[in-house]
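Since the structure comes first, as C-alpha cells, the remarks are kept for the end.
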Number of protein chains: 2
Amino acid sequence: MKAEECIISRREVAKLAGVSEATVSRVLNGVGPIREETKLKVLEAARQLNYVPNVLAQQLARRRSGNLGVILPYVPKVKLFSTYYFAEILSGIGETARRMGYDLLIIPLSPVEARSYTNLFQTQKVDACIMLGSQDSAEEREALRQLHEEGYPFCLVNQHFDDEPFKTIEADHVKGGQLAATHLIERGCRRIAFLNGPNVYSNSRDRMKGYSLALQEYGIELDEQLLYLGNYSRKSGYQYAGQLAEAIREGQVDGIVAANDRMAIGLLQGLREHGVKPGRDAALIGYDDAEGARFTEPQLSSVAVPFYEMGEQAAQWLLDSLHAPSFQPDAADSGEPAEHQGAKDAAQSVVRLPVRLVPRASSLRYPNWQGDS
Amino acid sequence: MKAEECIISRREVAKLAGVSEATVSRVLNGVGPIREETKLKVLEAARQLNYVPNVLAQQLARRRSGNLGVILPYVPKVKLFSTYYFAEILSGIGETARRMGYDLLIIPLSPVEARSYTNLFQTQKVDACIMLGSQDSAEEREALRQLHEEGYPFCLVNQHFDDEPFKTIEADHVKGGQLAATHLIERGCRRIAFLNGPNVYSNSRDRMKGYSLALQEYGIELDEQLLYLGNYSRKSGYQYAGQLAEAIREGQVDGIVAANDRMAIGLLQGLREHGVKPGRDAALIGYDDAEGARFTEPQLSSVAVPFYEMGEQAAQWLLDSLHAPSFQPDAADSGEPAEHQGAKDAAQSVVRLPVRLVPRASSLRYPNWQGDS
DNA sequence: TGCAACAATGTACGCGTGTACATTATGGGC
DNA sequence: GCCCATAATGTACACGCGTACATTGTTGCA
C-alpha cells in the first residue's frame, strides 16, 4: 500500500477529485478564483492520496530553486564547520533561511577546479549565494566581478573588495584592531607586538590599520620588528611563543595583539610553557571572542564580532532582494549607466557591524593579577 | 553580450552545432556511440555559447536531485553549527559528499511543524538523508519507521533506536562511559558522581550503562545520590558547581564524570569559583574531547569520539548504497520476508566506532598535581 | 430576453533535460 | 550487388508542474 504512494502526482489527485490538473494546481497554490466545494474536493483527494508536490518539477516550472547557496572555501586540513567563525555565520544564515522558507545548499569548493561562480548560477541550483572566507586574489576578484556584471545576487561576508560594488556584510575591523591596541596601551603597554593573519583577507589588513591608528594616536612609533605573521591557526600562534617569551623577558615586548583567538590561545599556551604568564608578565588580547576565550587561564581578553548577526543580515538582505521586484538584470544592456549605478550602490554596498571590546584577565599586566591560589 | 547567455539551453547548442538536441545530450553525457567529428562540433558549440546544463531540468528528468540531505534538530537558543559535536560531523559529511559529487542540503527542522520525514523524500529534494541529533521519542521512532518501511535511504548518526533496523553510525559510548569511570577509579576515586545528559539520547543511556559497568567491575555500589542530570549545555554543568563543591569538601564525592565537555567545562569553572580545583581536590573527566578541553586550566581529561569519521562513514555508506544496484524498495510487497530481512540487517545496521581515553590534568587527584607557579 | 461581465474550470503548452524507439548511414562478407 | 549487423543520428515523448488562453457557467441589468 505504501509502495505506490511514491509515484502519485498531480494527475492522480485530479482524477480522484474529478477535476483537471490545472485546478489541482490552482487550489494548492491559491491562485485564481476557486469554488469552495471544488477546493475541498481537491484538498480531500490530495490528503487521501498523501500527495506531496514534486519540488524538482516546481523548481523547473518556476525557474527558482528555493535554495540559498553558501560557498565554503577549500582550506586543506581544516574542518571548516568546526571553526567558530564559520559556525556562527552559518548558524545565522541557517536560521534566517529557515524563517524565509529557503533551504541551505552548502557548496564546498573543491581544491582542484577553480571554476567560476557563474556556472553555479547558470545551473540554477541556487537563487542566491553567500560567499564565506573568500580571499582577495586577482582570480577571485575577477570571478566576482563577472558575477556582479551578470546581475546574479550574491553577498560577501566578512571580506570586502576595495573599489568594487559587491554587496558585503562585515564588521568594523579597523575599529576592532584599534580597540584592541588602545586597550593594551591604556593598560600601560608601549611595545605592542601584533600577530596578524594573511593579507589576502581584508579583515587582516583592516585590523593592521586599526593597530597602526592606535599607536599613532598615542605617539608610539610602529616597529616592524614587532609584526608577526600567522595563518589564524592555533599552531601558528604557538610557534611564536618562544620568540615572544624571550622578547618579553628582555623587555622588548610588553603587550601582544593577536588577530584571532585561535592564535592567541596557542600563543598563550606556548608562553606559559616558556614560563611567561599573560596577564602578569605581558598583556595579551585576542580577537573574535570565541567560546574558548573563556576557557583559558587566565581568561583571554578579546574583541567580540557579531558573526551570527552577520550571517543573519547577509541572508536577510539576499532573500529580501530576491522578493523585491526591483531586481532588474537588464541593466547590462545600457552599458555605462550600469557602471554609474554600480558606483551609487557602492556607497551602501558594504555594511559594517560594530565590534566590542571584551576585557578579561589576559590583558592585565601588573602584579595585581587576580589568579587563584 | 553577457545578458543572453543566461538563457541558452540545449537547443541553441544543437542549432549552432547543426545536430539534434539528443545528440548534444549524448555528447555531454557520454552516452552511446558518437562520431568523433560530431562530438568536437558539439563541444565547440557548447564552449562557444558558454553552455551550462540546467541542473533543475536534469534533476527532474533523472529523478535524482544529487543532494544529500542533513536534518538538523531544532534546539531553542542553540546555534547548532557552533557546537563541536555537529560541526565535526558536518565536516565529515561535507567532505565526503564533495568527494562523491553531491551537494549538501541542510534542513533545519522548524519548531512548529512536526512533519514526517517522508514528505522530504517525496518532494525529491534529497536522494538520501542523514539525521543528526534525533531524539528517542515515540513520534520520532514512528516517523523513522515509516521512512524505513517505504525504503527511503537514511542514516542516523550517534543515536540508535533499540529493536529497529535503522542504519546507524555511532560510537561505543558504553565503552566510553566505562573508560571514563574506570579511569577515575584507577586514579583512586571511589565516590564518583555522574553528570549525564537527557535520556532521550541513546548515547546518554549508553554512557550511563558504561559508568555502571565500571563501578560494578570494581565492586563499588551505585549511589543514586551521585547522579546528576544536565542538558549538555555549559550552563547546566555550571549550575551544579555549588552542590558538587560542597560534596567534594565533605568527602561525599572524589571524582566526577561529565557526559560531555561543555558541561564539564562549565562545572570546572564553577568549581574553581567555589575554591575547588579539579585535578587536585577531585578528579574530573569530560566527554567528546572537544577543542576547548585543551584550553582549560587544568586541561580537561576526556574521551575522544571520532565525530568527523562518523560523518564520513554515514555519508559514504549512504551514497554507496545509492549507487549500488541492490537497492530494491520492492521488499514491501512480500510482507514478512521484509521483516526477516530487517532482522538480518539489524545485525550490521549499527556501526559502532571506537572511542579513546584522553587523560589530562583534570583527572589527577593528589597533591602531585602539576600546576604552575 | 439578450447581453455583458465575471467566476470557474479545462486545454495546451512551456520549463530543459534524458532516453526509447525509429531512422538513416556504413561497412563487411557472400 | 545484396543483405545484415552495427554505428550514428533524429524524432518523440516523458518527467511533474505553472500558467496563458480558451471555454463554459452564472449573474445582473437593461
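Remember, predicted model here, so these are calculated numbers, not experimental data. Naming: A, B, ... by sequence-line order, numbering from 1 per chain.
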Residue met sooner reading DNA chain D from 5', once A/Arg11 and A/Ser25 are mapped to nucleotides
A/Arg11
Need one value for A/Ile34: base, sugar-phosphate or nothing, where a base atom within 4.0 Å counts as base even if backbone is also close, heavy atoms only.
sugar-phosphate
Salt-bridged, B/Glu44 to B/Arg47, with N to O below 4.0 Å?
yes
Which nucleotide sits closest to the side chain of A/Pro33: C/dT17, D/dC17, C/dA7?
C/dA7
Would you indicate what A/Val19 reaches in the nucleic acid, counting non-hydrogen atoms under 4.0 angstrom: base, sugar-phosphate, or nothing?
sugar-phosphate
Over how many whole Å does the gap from B/Glu12 atom CD to C/dC15 atom C1' extend?
13 Å
Base, sugar-phosphate, or nothing: which does A/Thr23 touch, judged by heavy atoms less than 4.0 Å apart?
sugar-phosphate
Is the shortest side-chain N to carboxylate O distance from B/Arg145 to B/Glu142 below 4.0 Å?
yes
Compare the minimum distances between each of C/dG10, C/dC15, D/dT9 and the side chain of B/Arg35, then state the nucleotide with the smallest one.
D/dT9
Counting any heavy atom closer than 4.0 Å, what does B/Glu21 reach on the DNA or RNA strands: base, sugar-phosphate only, or nothing?
base
D/dG16 OP1/OP2 closer than 4.0 Å to side-chain N/O of A/Gln58
no
Please report the C-alpha distance between B/Met100 and B/Leu68 in whole Å, then the side-chain angles of each, then the deciding distance to 0.1 Å, and finally whether the side chain to side chain contact (heavy atoms under 4.5 Å, CB included) criterion is met.
CA-CA 10 Å; B/Met100 310 269 296; B/Leu68 175 59; over 6 Å; no
Report the distance from atom CZ of A/Arg64 to atom P of C/dC15, rounded to the nearest whole Å.
18 Å
Of the nucleotides C/dC15, D/dT19, D/dC17, which has the atom closest to the A/Leu60 side chain?
C/dC15
Look at the side-chain N and O atoms of A/Arg62 and state whether any lies under 4.0 Å from the OP1 or OP2 oxygen of D/dG18.
yes
With sugar-phosphate meaning primed atoms plus P, OP1 and OP2, does A/Arg10 contact a base, only sugar-phosphate, or nothing at under 4.0 Å between heavy atoms?
base
Taking only the side-chain nitrogens and oxygens of B/Asn54, find out if one of them lies under 4.0 Å from OP1 or OP2 of C/dC15.
no
I want to check one thing: is the phosphate of D/dC17, taken as OP1 and OP2, less than 4.0 Å away from some side-chain N or O of A/Gln59?
no
When you get a sec, tell me which of D/dT11, D/dT9, D/dG18 is the closest nucleotide to the side chain of B/Thr38?
D/dT9
Between A/Glu140 and A/Tyr117: side-chain donor-acceptor atoms closer than 3.5 Å:
yes
B/Ala57 or B/Ala22: which one's nearest nucleotide on DNA chain C is closer to the 5' end?
B/Ala57
Of the candidates C/dC15, C/dT17, D/dC21, the side chain of A/Arg26 sits closest to D/dC21
Indicate whether the side chain of A/Arg99 and that of A/Gln316 have a donor and an acceptor atom separated by less than 3.5 Å.
yes
Rounded interatomic separation in angstrom, taking CG from B/Leu56 and C1' from C/dG18:
15 Å
Quick one: label B/Ser9 by what it contacts on the DNA or RNA (base, sugar-phosphate, nothing), any heavy atom closer than 4.0 Å.
sugar-phosphate
Provide, to the nearest angstrom, the distance between the NZ atom belonging to B/Lys125 and the P atom belonging to D/dC17.
14 Å
